[in-house]
Protein chains: 2
Amino acid sequence: MSDTTGPDAAAGRGRAALIEGGVEFDGRDAALLRAVDAAGSVAGAASALGRSRARALSRIETLEGAYGTLVERRRGGEGGGGSRLAGSARELLDRYDRLQAVLAATASVPETVLRGTVEAIDGEIAVVDTAVGALSGLHGGTGDGADTDSDGDGDAVAVGDPVQVRIGADAVTVNDAANAVDPDATSARNRLTGRVSRIDSGETVSTVRVAVEPVDREATGDAAVDVAALITAESVDRLGLAPGDPVSLRWKATATRLVPHAE
Amino acid sequence: MSDTTGPDAAAGRGRAALIEGGVEFDGRDAALLRAVDAAGSVAGAASALGRSRARALSRIETLEGAYGTLVERRRGGEGGGGSRLAGSARELLDRYDRLQAVLAATASVPETVLRGTVEAIDGEIAVVDTAVGALSGLHGGTGDGADTDSDGDGDAVAVGDPVQVRIGADAVTVNDAANAVDPDATSARNRLTGRVSRIDSGETVSTVRVAVEPVDREATGDAAVDVAALITAESVDRLGLAPGDPVSLRWKATATRLVPHAE
DNA sequence: CACCGTTGTATCCATGGCGATACAACGACG
DNA sequence: CGTCGTTGTATCGCCATGGATACAACGGTG
């Protein structure tokens, strides 16, 4: 009962797959490789998973066509032969596991989304004008274009474009407003100040929401913007945070993602 | 045993899909909903995407069976009828976009992976003993874990378990070693000191690798561990970083993920 | 040398997803 | 009241995926 049988009864709210050379590596493939590792043969793995041995073998071959050697197979000999995972297969499984971990994390970590317009672009970093001032963040990754079906998370960000600024709550550090850090001594550039508006306490982790005043309140009439920060409950205690307290938020430009906003 | 497997940037792209009620919502579905939004009708969306209208409609119905109302359809009337996206559809698209953004980010952001064993667990936070000392991080979901991972190798982390500690390079801030920040004034708890070993400069973003000495070098004989930090080139200049410089690394426990290492 | 369990390889067949097509129902508009 | 373009619904066929089966090749072992 190591595994829940059934068609990939994916548990989380999401499912991720690696892609290389047009071949997807998903949870089913990961299970297959793990079963090969456990059984010591493709045949044993197939029967353990209740799937066709011939198909499992051909699946491994197509995977190897895209990802390189994954299973070292040997026929004849002691026990009739057998198969072992290659080192690259373990790395692949590691990559898959990490992807899964990231996926699980995004499902549970809140994030703050601000709208803004691109003010300047300098390489991978763009400066965006938002209601709470200028923020800088990464736009896109090192994009290789030509994705087949998924429409654009294209990196086509240009000056003047409307974008969403997404800030993961786990990237935001909360600082005591009184104890200002010399901004020249750290690599965290984005800074905002505000007052604690709400604290959602978990078991040992709390989500602190900080109301940040818009830069030009009377001009725009915008309400305060809530920025979420995920910090440990211990930190909440240590900083003595309570609603109304003034705090300073800080996070790195590289932890800020910009996504083009359709309209 | 090398401790860090420094995944090169853009090791491979992935594909993500939301899952609910056994129904996957992938890039194709996202494109369909966006086309409906743009065309104002399912028929127009189908023809714009070059796919069958009947299938598009039935696909929307199966999606709605799992995700609730997505498209408000109306037949007859002005223009013969039409369809509009429901608010929940926009939220769904937002969730999907967010997933895509995270996926793209993980593909392009290097990360540091350390092996360790769980030393203590307190709620969502676990303390892990690694070669460079005790680090704390999140395991599994946070707080609102109404549904824990029902999948097999979930987040069942127990004391003594071997785990991988995964630190995204974009979560690590680099501080001038001379200008130490009062640790009581910030919510970033994990700290390490080391010396810059390499700087990979991008256009405006650089990856700084910092060699951290193991706590018990002569006892374990381990080599120094490289921890990656992604910071802007401007920050590199501002801090005057060069190989050999002593620096202080700091990142939040909530930005550290632990994944069970099966082996 | 026969036996064994595995790796290779080929073929058939069931299933599901999707395009293509056709037709009924609908309701505002001219 | 007829027209129009849409939403509903049903049916057919194509094609890819994967299971089922069969058989050859292989190389230690007894």
Side-chain angles (χ1 to χ4, degrees), chain A residues 5-9 15 17 19 22-33 35-66 69-86 89 148-149, chain B residues 15 17 19 21-33 35-66 69-86 89:
Chain A
T5 44
D8 186 62
R15 168 178 167 275
I19 289 190
V23 179
E24 276 192 24
F25 182 91
D26 63 357
R28 189 177 168 83
D29 298 316
L32 177 57
L33 289 191
V36 169
D37 192 32
S41 73
V42 177
S47 88
L49 293 177
R51 51 189 291 195
S52 162
R53 178 186 67 87
R55 279 299 149 190
L57 204 50
S58 84
R59 177 60 183 168
I60 288 177
E61 280 171 357
T62 61
L63 286 177
E64 287 186 326
T69 300
L70 297 176
V71 177
E72 291 164 358
R73 289 162 291 177
R74 178 176 48 91
R75 71 173 165 181
E78 161 185 44
S83 296
R84 279 183 9 193
L85 287 195
T148 52
D149 52 358
Chain B
R15 167 180 167 276
I19 290 190
V23 180
E24 275 194 24
F25 182 91
D26 63 357
R28 191 179 166 81
D29 298 316
L32 176 57
L33 288 191
V36 169
D37 191 32
S41 75
V42 177
S47 86
L49 294 177
R51 52 189 289 195
S52 160
R53 179 187 67 88
R55 279 301 146 191
L57 203 50
S58 85
R59 177 61 183 168
I60 288 177
E61 279 171 358
T62 62
L63 286 177
E64 287 186 328
T69 300
L70 296 177
V71 177
E72 291 165 356
R73 290 162 290 177
R74 178 175 47 92
R75 71 172 165 181
E78 162 186 42
S83 296
R84 280 182 9 192
L85 287 194

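A note on names: the letters A, B, ... follow the listed sequences, proteins ahead of strands, and every chain is numbered from 1. Computed from a predicted model, the values in this text were never measured in an experiment.
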Rounded to the nearest angstrom, tell me the gap between atom CZ in A:R84 and atom P in C:dT6.
-> 17 Å
Any pair counted as side chain to side chain donor-acceptor pair (under 3.5 Å), so long as it reaches residues 36-58 of chain A, sequence neighbours left out = A:D37-A:R90
Considering only heavy side-chain atoms of B:R28, the closest of C:dA10, C:dT11, C:dG19 is C:dG19
Distance in angstrom units between B:R55 CZ and D:dT11 C1', rounded | 10 Å
What are the two closest non-hydrogen atoms of A:A89 and A:L70, and how far apart are they?
-> CB-O, 3.3 Å
When rounded to whole Å, the CG to C1' distance for the pair B:L32 and C:dC18 reads 13 Å
From B:R28 atom CZ to B:E24 atom CD, the distance as rounded to the nearest 0.5 Å | 13.0 Å
Looking at B:R51, does any N or O in its side chain come under 4.0 Å of the phosphate oxygens OP1/OP2 on C:dC18?
-> no
Enter the distance from B:L49:CG to B:L32:CG here, rounded to the nearest 0.5 Å.
-> 6.5 Å
Specify the closest pair of heavy atoms between A:V23 and A:T62, including all atoms of both residues, with the distance to one decimal.
-> CG2-O, 4.2 Å
Side chain to side chain contact (heavy atoms under 4.5 Å, CB included) partners for A:A30, two or more places apart | A:F25, A:R34, A:L93, A:Y96
Interface with DNA chain C, restricted to residues 56-63 of chain B and to heavy atoms under 4.0 Å = none
Residues at least two apart in sequence or cross-chain that pass side chain to side chain contact (heavy atoms under 4.5 Å, CB included) with B:R73, listed by chain then number, are B:L57, B:E61, B:E64, B:V71, B:S83
For B:T69 and B:A86, which heavy atoms make the closest approach, and how far apart are they?
-> O-CB, 3.9 Å
Taking only the side-chain nitrogens and oxygens of B:R74, find out if one of them lies under 4.0 Å from OP1 or OP2 of C:dG27.
-> no
Which atoms of nucleotides 23-27 of chain D (N or O only) lie under 3.5 Å from a protein N or O atom, and what are those distances?
from   : atom 1 : to    : atom 2 : distance (Å)
D:dC26 : O2     : A:G76 : N      : 3.1
D:dG27 : O4'    : A:G77 : N      : 3.2
D:dG27 : N3     : A:G77 : N      : 3.3

Of the listed D:dT7, D:dA10, D:dT21, the closest approach to the B:R73 side chain comes from D:dT7
Check whether any side-chain nitrogen or oxygen of B:S83 sits under 4.0 Å from OP1 or OP2 of D:dT7, and answer yes or no.
-> yes
Would you please name every residue forming a side chain to side chain contact (heavy atoms under 4.5 Å, CB included) with A:A38, sequence neighbours left out?
-> none
Separation of C:dT7 P from A:L70 CG (nearest whole Å) = 15 Å
